[in-house]
Amino acid sequence: MSTVFYAEQQTTHAWWQRIRPRLTILYLIIACILLLISGAGHLRLLGEVGKVFGGFTWTIDKDSLNGEIAIISTPPQLMTFAIPAGSLSNDSHIVTVNHRNGASGLQQVYQHAQPQDPIVYTARGNRMAPLTITRPATIFTLSLWWQTFGLAFLAGTSWLIVGIILVATASEWTGAVEGMTMLPPALLLLLYSHWGNIQTATPPDFVAQMIWIPSFALLGAAFIHLSLTYRPAAMSNRRNPSWLVDGLPYAPLLLLIIYDWFCLLTLGHVPLRTNIELSLGYAVLGGVISLGIGITSILQILGMWSLKKDNQEATSRQTISPRIRHYLGDLLTLWIGGIGLGFCFGVLPILLVGQPLLPLSIFYVLATVYPLLLLYAIRSLRLIARLHISLEQREVALQEQQKTAGELRQTNEELKQATSLLLHADTHLRSLLSQRIHDQPKQEALRIRSLLGYWQHKLRLEMERAPDGRVAAPQIIEALGKVRKISEELERDLRGLQLLVEDAYQRRSLGLKLHLEKLIREDLPQLHAESLLEITPDLWAIDALNPDLEQTAEGGKIAEAISYTVTQALLNVYNHAGASFATVRTYYNNSILTVEISDDGRGFDTQQIPPEKTSLFKAELKVRETGGRLSITSIPRPQAKHGTCVTLEMPLPPDTQVHSEQEEQHT
């Protein structure tokens, strides 16, 4: 994941963590206010339980001259009314009830009527001739309230609770939009209690005129808002609120509210039919726009509509990730499709023809269950989306790790090359140093010793030949003896120094095997004349190496690694082990040469001493350069079989080996 994207994601997450609690509290406050308003309406309706009414809910049309009555709905338990309910396609009104005019006459008839008393209604409308119908009176029961209004309250509460849960658990602004668009259906269902009368003549109140009817327009704005939010381009990245997506769909709603307030302040009421037509008109417009955007989004998801982005240079095509395709495909089906079907099969038929396509009680039950299913689906989709995001992030992290691993491998190769160059330079410098020690200081020391010996012998003869003893040279002889002793010490020190740098000059001159034998039998014992250490060499397996081993670069590395390891291991035995016996054994099997240097010394704890602290660290680098392996095992005193064993295992390339029947039999 890039640093810029990660920083942007963290900033968005921090912003949302600050806003979400405040938005949730605001949502809870609105929910409480809605429940209180809805409760007040239901208390008014419950106060009508037990009273006589005509078997239908009704309202007063204040736009008419005489306050005529408009029918809203008929409870499903009762027989249908011959006078159709008011709708956009029908403006029929009840003019008189038992020959009494208006809503006051209807209320008086209901107050004095008994159940099953016949009541005569006279209706007229723009598409019907005056009609007189007789219908028996009935009692408004608790069951009728529950079927007509109680289930609506239950459904509205379900939408409200689901909206609160979605907002409170949203991980980004898109989730909050999902929760906020639950408000319009909740408003329509909860505030239905303020729409319609039973017996008492109550005109449409402030809640019905200013909140419930404009909720249809709010529902259309929510359709557009959701469709814009669920576009593939908007879902590709985390987003913050924007005026174009989150504000523009609600702009016409502000104009409607301004119109309602103007009418309320000037006329004292809002024209009922005009208010419904405007609100429902924007709801239908929002549904059409939402449908168009939704179809476009589905075509983009299916790959049938190219998602393009224009810039100044060229038009580049954007791809939609599988996560977005899966998420949007399910949401467009569940949310927009479900709410759209509910609006088309429930609310819209009531407003158009006055009757729902489904029985009202079944519609309310479905409206109650649907948000619960929606909640389950959305939370499942959110979990799936988080899983997809985690997988995508892990894929990006894996790619970064692979990239880092590739860079590390490249760095390791460069380090190996640098190590190889350093080791080669170290070998070359030590070879030059060994040769210079042999050619200059060592030869000079040998020459000094020879000259001093010659003059010491000559002066002794002169002293013996002089009969009168005039040649007195004891002091000179003594001085020359001291100089000779110093020369011998110089030669020994130079030889020790030559061994410390690994005598590559001698190795190339004598060959690897003879060099090691001379090192073990002569050079090291001379350097440590006071030591009682006994070393037993067994170097037969080195005969498997080509005599011209050091003529190639690979062979030179092998000889260098073997010689340097044996030299440094034996120097450690002399200087630190306190051993009395040591062995140098070689083995050759399956093109692998093994060299073991073991002793019976005091040993040490290999876990306490890091490899780089030992004198064999450079030897290990040299062995590794040839593809071999160097291991050190040690048992400290006073344990049994104490001592140290240095094991070198080295595969030999074909051009460095010499095979013979004798070697194979020996093996």
Side-chain angles (χ1 to χ4, degrees), residues 404-434 499-504 507-508 512-513 515-516 519 539 541-542 544-546 548-573 576-577 583-599 604-634 644-657:
T404 304
E407 293 175 352
L408 289 176
R409 283 194 295 269
Q410 182 179 357
T411 304
N412 187 36
E413 292 297 328
E414 294 175 354
L415 181 60
K416 286 182 178 179
Q417 295 177 2
T419 303
S420 178
L421 292 175
L422 289 175
L423 291 175
H424 178 73
D426 174 74
T427 302
H428 180 67
L429 290 176
R430 286 189 296 100
S431 177
L432 292 177
L433 180 59
S434 174
L499 289 176
L500 288 175
V501 299
E502 206 282 311
D503 195 351
R507 186 189 74 232
R508 292 171 181 170
L512 179 60
K513 184 176 181 181
H515 165 66
L516 292 178
L519 174 73
L539 305 176
I542 295 181
L545 294 171
N546 195 319
D548 298 329
L549 180 69
E550 298 199 50
Q551 298 303 316
T552 62
E554 187 68 24
K557 292 180 181 179
I558 292 174
E560 168 79 12
I562 296 173
S563 177
Y564 188 83
T565 301
V566 172
T567 302
Q568 294 300 319
L570 291 178
L571 284 174
N572 283 343
V573 175
H576 307 294
T583 59
V584 180
R585 294 188 179 90
T586 58
Y587 308 92
Y588 176 72
N589 189 20
N590 295 330
S591 298
I592 296 179
L593 179 66
T594 304
V595 181
E596 287 185 356
I597 305 100
S598 59
D599 64 73
F604 64 95
D605 187 358
T606 57
Q607 301 297 326
Q608 300 296 327
I609 302 178
E612 63 270 14
K613 298 296 184 181
T614 65
S615 58
L616 292 174
F617 179 67
K618 188 161 65 174
E620 184 176 1
L621 292 178
K622 292 178 179 294
V623 172
R624 191 182 301 170
E625 180 72 11
T626 64
R629 185 173 67 91
L630 185 68
S631 61
I632 303 174
T633 58
S634 185
T644 303
C645 181
V646 179
T647 304
L648 183 155
E649 294 180 343
M650 183 178 298
L652 299 180
D655 58 345
T656 63
Q657 304 175 45

Output all residues satisfying side chain to side chain contact (heavy atoms under 4.5 Å, CB included) with Arg585, sequence neighbours left out; order by chain, then residue number. Asp538, Thr583, Tyr587, Ser598

Kindly determine whether Thr633 and Thr647 satisfy side-chain contact (heavy atoms from CB on, under 4.5 Å), including the steps that lead there. CA-CA 8 Å; Thr633 58; Thr647 304; 5.6 Å; no

Could you check whether Glu620 pairs with Arg624 (Lys NZ or Arg NE/NH1/NH2 to Asp/Glu carboxylate O, under 4.0 Å)? yes

Which heavy-atom pair separates Leu516 from Ser563 by the least distance, and what is that distance? CD2-CA, 4.1 Å

Apply side-chain contact (heavy atoms from CB on, under 4.5 Å) to the pair Thr594 and Leu648, showing each step before the final yes or no. CA-CA 6 Å; Thr594 304; Leu648 183 155; over 6 Å; no

Give, for atom CD1 of Ile632 and atom CG of Asn572, the distance between the pair rounded to the nearest 0.5 Å. 8.5 Å

Output yes when a side-chain donor or acceptor of Glu649 lies under 3.5 Å from a complementary backbone atom of Leu630, and no otherwise. no

How long is the gap from CG on Leu545 to CE on Met650, to the nearest 0.5 Å? 9.0 Å

Closest non-hydrogen atoms of Ser634 and Thr644, given as atom of the first, atom of the second and distance, are OG-OG1, 2.9 Å

Minimum heavy-atom distance Ala577-Asp599, with the two atoms named: CB-OD1, 4.0 Å

For Pro651 against Gly628, the heavy-atom pair lying closest together: CD-CA, 3.9 Å

Working to the nearest 0.5 Å, report the span between OG1 of Thr567 and NE2 of His515. 5.0 Å

Check the pair Tyr588 / Gln657 against side-chain contact (heavy atoms from CB on, under 4.5 Å), numbers first and verdict last. CA-CA 10 Å; Tyr588 176 72; Gln657 304 175 45; 2.4 Å; yes

Drop me the distance from Lys622's NZ to Ile562's CD1, to the nearest 0.5 angstrom. 13.0 Å

Which heavy atom of Ile597 sits nearest to which heavy atom of Ala569, and what is that distance? CG2-CB, 4.0 Å

Taken to the nearest 0.5 Å, the spacing of Leu512 CG from Ile542 CD1 works out to 4.5 Å

Could you state the interatomic distance from CD1 (Ile592) to CZ (Arg629), rounded to the nearest 0.5 Å? 10.0 Å

